[in-house]
Amino acid sequence: MKQSAVRRMTKQRVIVLNTVKSLGSHPTAYEIFERVRQELPGISLSTVYRNLSILVGQGDILTVRGLGQEVHYDHNLHEHCHVQCRICGKVSDIHTDFIDPSCVNSHGGEGYIVEDVLITLIGICPECANRTKEEDTNA
Ligand SMILES: [Zn+2]
Ligand SMILES: [Zn+2]
C-alpha cells in the first residue's frame with residue numbers, strides 16, 4: 001500500500017519549517033536559506049524554495065501577500081494583518097479585531113460577501129523612527 005495520504009515530512013522539511021518559526025518575523029526565502037544552511041550546509045536555495053512551497057501547500061505556513069517584490073513566509077496561521085516598515089522592511093503582526101468585515105457593505109462594497117481580510121499598513125517601525133530621530137539630533 002502506498003502512503004500517499006500520509007503527510008511526508010522529510011528531515012529537510014522539518015528543519016525548514018522550524019526555521020520559519022524560529023526566525024519569527026516573516027522571513028524571505030533567502031533569509032530562511034541563510035539560516036537553514038547553518039544546519040544543513042549542503043542545501044541549495046532551490047531546495048529551500050521547493051520545501052517552502054510544499055509547506056505552504058500543506059497549510060503549515062502561509063505566504064504574506066502585499067509586501068512588495070519578495071515573498072515573505074508566516075508561521076502564524078491565525079487571521080491577522082500586517083504592518084511593514086518602509087525603511088528596513090520589517091513586518092509585524094497586527095490583530096484584526098478592529099476590522100469589521102461587514103462594514104464593507106456600507107463603505108462602497110455594497111453586496112459583497114467578505115471571505116478574507118488582507119491588509120498591510122505601511123509606516124516606520126520604532127527602531128527606524130528612533131534612528132531617524134538620533135540622526136536628526138546629530139546633524
Ligand atoms: Zn524599520
Ligand atoms: Zn504575520
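As a basis for the values below, the full set of heavy atoms in this structure was taken, side chains included, without hydrogen atoms, waters or symmetry mates. Indexing begins at 1, ligand by ligand and atom by atom, following the structure's order.
H80 and D74 share a side-chain donor-acceptor pair at under 3.5 Å. Side-chain contact annotation: H26 with N76, donor-acceptor N/O pair under 3.5 Å absent.
The Zn ion (ligand 2) has no N, O or S atom of C81 closer than 2.8 Å.
In this structure a side-chain-to-backbone donor-acceptor pair under 3.5 Å is missing from Q84 to V91. A distance-only check finds a donor-acceptor pair linking the side chain of E31 to the backbone of T28 [under 3.5 Å].
Note: E127 CD to C85 SG = 8.5 Å, rounded to the nearest 0.5 Å.
No more than 12 heavy atoms of other residues, nucleotides or ligands shown are found within 6.0 angstrom of CD1 on I113.
D74 contributes atom OD2 as its closest N/O/S atom to the Zn ion (ligand 2). As for H80, its N/O/S atom nearest the Zn ion (ligand 2) is the one called NE2.
Around the Zn ion (ligand 1), the protein contributes the following N, O or S atoms at distances under 2.8 Å: C85 SG, C88 SG, C125 SG, C128 SG.
Between E134 and R131 no salt bridge is recorded (no basic side-chain N to carboxylate O distance below 4.0 Å).
The angle subtended at the Zn ion (ligand 2) by OD1 of D93 and NE2 of H26 is 80°, given to the nearest 10°.
When side chains are defined from C-beta on, T10 counts as touching N51, because their heavy atoms get closer than 4.5 Å.
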